[in-house]
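To start, the structure under review is shown below, and the notes come after it.
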Amino acid sequence: MHIVLQQLDGARVRVVHLEDRPTSSGEPPPVSETTIPRADLAAFVRRLEAEPNPPRWVWDDTTLWYPALLAVGVRVARCVDLRLSHNLLRNAAFTADSALATAPAGPWDEVLDPRVAQRAEAVGTLFDLDLPGGERDPVAEFTLQRDAVDGATPQGRSQLGLLLAAESAGALIATEMTFAGLPWDAEAHDRILADALGPKVPPGVRPAKLAAVLEEVKAALGVQELSPESPGELLKALQRAGINATSTRQWELQEIEHPVIEPLLRYKKLSRLLTANGWTWVETWVKNGRFRPTYVPGGVVTGRWASDGGGALQLPHQVRGAVLADEGWRFVVADAAQLEPRILTAMSGDRAMADAGRGVDLYQGMVDVGAVDTRPHAKIAMLGAMYGATTGESGRLLPRLTRAFPRAIEFVETAARAGERGERVSTRLGRTSPLPGETWREIQSAASMEGANAAATQRARMEARSWGRFTRNFVVQGTAAEWALCWMAGLRTRLQALAAETVGPAAALTESAHLVFFLHDEIVVHCPEHQTERVVALVREAAAEAGRLIFGTAPVEFPVTTAVVTSYADAK
DNA sequence: TACCCGCGCCAC
DNA sequence: AAACGTGGCGCGGGTA
């Protein structure tokens, strides 16, 4: 059962019940339609969610509907996020011939103004908002989407079905994680800052320890004045001191022998801490003991999540000591070990690599089967193969890797060559890469014209290789993102069941174990101390299930490492 | 003053 | 060791 919701003008919500489609008949599914006062929506959803088989809610955009429900303690088990699904189906190779994909761009292709979603979150209700694309009919759109999926091959149907479900589950999880927030101890954060930088100072003032390091830098350079925050000025100062640097990047500077380098790198590290995650960051982002960033499911072209605000997906290890569980609670931190190489193993069906991945450490396994000599080499070689490295150590190790794991390497090479020809590639579940832009095509055709000069040819090859590196990585990174979504969705369902069992069917999100953070291949569950063992088991169950869902019986394992900690800093 | 872009660094 | 994928974000320094 699906229930489509649409906000109408005035104080009403359109509610359309759709039965599941019969498997093979052209009969339109039975429909019943009504409207309810918007003030009654939360109670309506709550009532249906309490029934044995709750519906799948179909709405235009989870960020517009779900915060208001969570704010009054209503959770939903499943949804269809039409905007995310539309985006997938418009571009998917599986549905390229569908009416949905071949229609001109319409209101469902418009990007939602993030300010609207943010207001929905802040106000806790979407009903005062002036929503865009007022003529968007979710029932018509949902029908088009189901037609598109039904028109795909049987394989396409099942894979896309899983992808759409996972993507929509991700939308629910993202909203729930913002609602719950990541526990953040502002005082612990202040202590970390004071240790590193000295006592708190107002914005614009250089903290004592940072100022002291600057004095060391100036002394080593023999200058009276220096603003290291200005790369241009810093570079000139270094050159005046006889240092042949072409930039002020860390990796270039650390190769140089000079007394200024050590204090300068120390200065940069501290300065980064101050500007990116200093006192201003805490004041801006930590409220009532929680950090609540906005997560953006599907925000990355490969299907990874992006985030908006506070740099949520780039929290430095340096400040993770401020992420502290509530009294009597713990974090269960779980990490999928070497996820991307394992994804590549499963996609390519490389038996030798599957053998190497039998244990928890795939890279060590590659050493043990005699493919490479050391674990660091295994890691560098694998990452290089997935990113398209050609030079340096990765490049040198690639031939060995190709000999040991021919099918895995052939798989990414094939994806790269497709990209170099300007073709699209798809993930396991059917997310399809975009086509290169107009400029790219012009560069390629200019090079293939008669009498094209060497520079044009060179440019075209460079651009082709670059797009090939993108498609090479897309298939692996994108499929890893799909695995992670399935993992997290499976865990969410299990945590919801655990909450119903231990607290009761109407348990609020934060009364029981719940997800608070997600970082591409890592999840953090905030969890009452006595539940940690059960949660660890659920995390492992969900990982095994994700592998089965996406790859069936392929002989590839997806081990997860888990840690039960009070401080996120202790997880790794 | 508001915006834009390159630089540099954080995460995976 | 150094150039090979996806991002967010703060800064300096430029321009409208």
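Letters go in sequence order (proteins before strands), and every chain restarts at 1.
A donor-acceptor contact under 3.5 Å is formed by the side chain of A:Arg272 with the base of B:dC9. Side-chain to base pairing of A:Gln314 with C:dG8: one donor and one acceptor N or O lie within less than 3.5 Å of each other. A:Arg249 contributes no side-chain N or O that forms a donor-acceptor pair with the base of B:dC9 under 3.5 Å.
When the side-chain nitrogen and oxygen atoms of A:Thr248 are compared with OP1 and OP2 of B:dG8, one or more of them lie within a distance under 4.0 Å. A close approach under 4.0 Å does not occur between any side-chain nitrogen or oxygen of A:Ser247 and OP1 or OP2 of B:dC7. Considering only side-chain N and O atoms, A:Thr390 lies under 4.0 angstrom from the phosphate OP1 or OP2 of C:dC4.
Each of A:Val301 and A:Trp251 was matched to the nucleotide of DNA chain C holding its nearest heavy atom; the match closer to the 5' end belongs to A:Trp251. Each of A:Glu233 and A:Trp281 lies near DNA chain C, and the nucleotide nearest A:Trp281 is the one positioned closer to the 5' end.
With ring centers used as reference points, A:Trp279 lies 6.0 Å or more from A:His189.
One interatomic measurement links the two molecules: CG of A:Leu210 to P of C:dC11, which rounds to 13 Å at whole-angstrom precision. Rounded to an integer number of Å, the gap from CE of A:Met386 to C1' of C:dA3 is 16 Å. Between the P atom of B:dG8 and the NZ atom of A:Lys268 lies a distance of 7 Å, rounded to the nearest Å. Rounded to a whole Å, the OH atom of A:Tyr568 is 10 Å from the C1' atom of B:dA11. Atoms CZ (A:Phe518) and C1' (C:dG7) sit 13 Å apart, rounded to a whole Å. The CD atom of A:Glu252 sits 11 Å away from the P atom of B:dC9 (whole-angstrom rounding). Rounded to whole Å, the distance from CZ on A:Phe470 to P on C:dT6 is 6 Å. Rounded to an integer number of Å, the gap from CD of A:Glu420 to C1' of C:dC4 is 14 Å.
Comparing B:dC12 with C:dC4, their C1' atoms sit 15 Å apart, to the nearest whole Å.
Listed nucleotides C:dT6, B:dC12, C:dC4 differ in distance to A:His317; the shortest reach to its side chain belongs to B:dC12.
In the displayed structure, A:Lys236 atom NZ is contacted under 6.0 Å by at most 12 heavy atoms of other residues, nucleotides or ligands.
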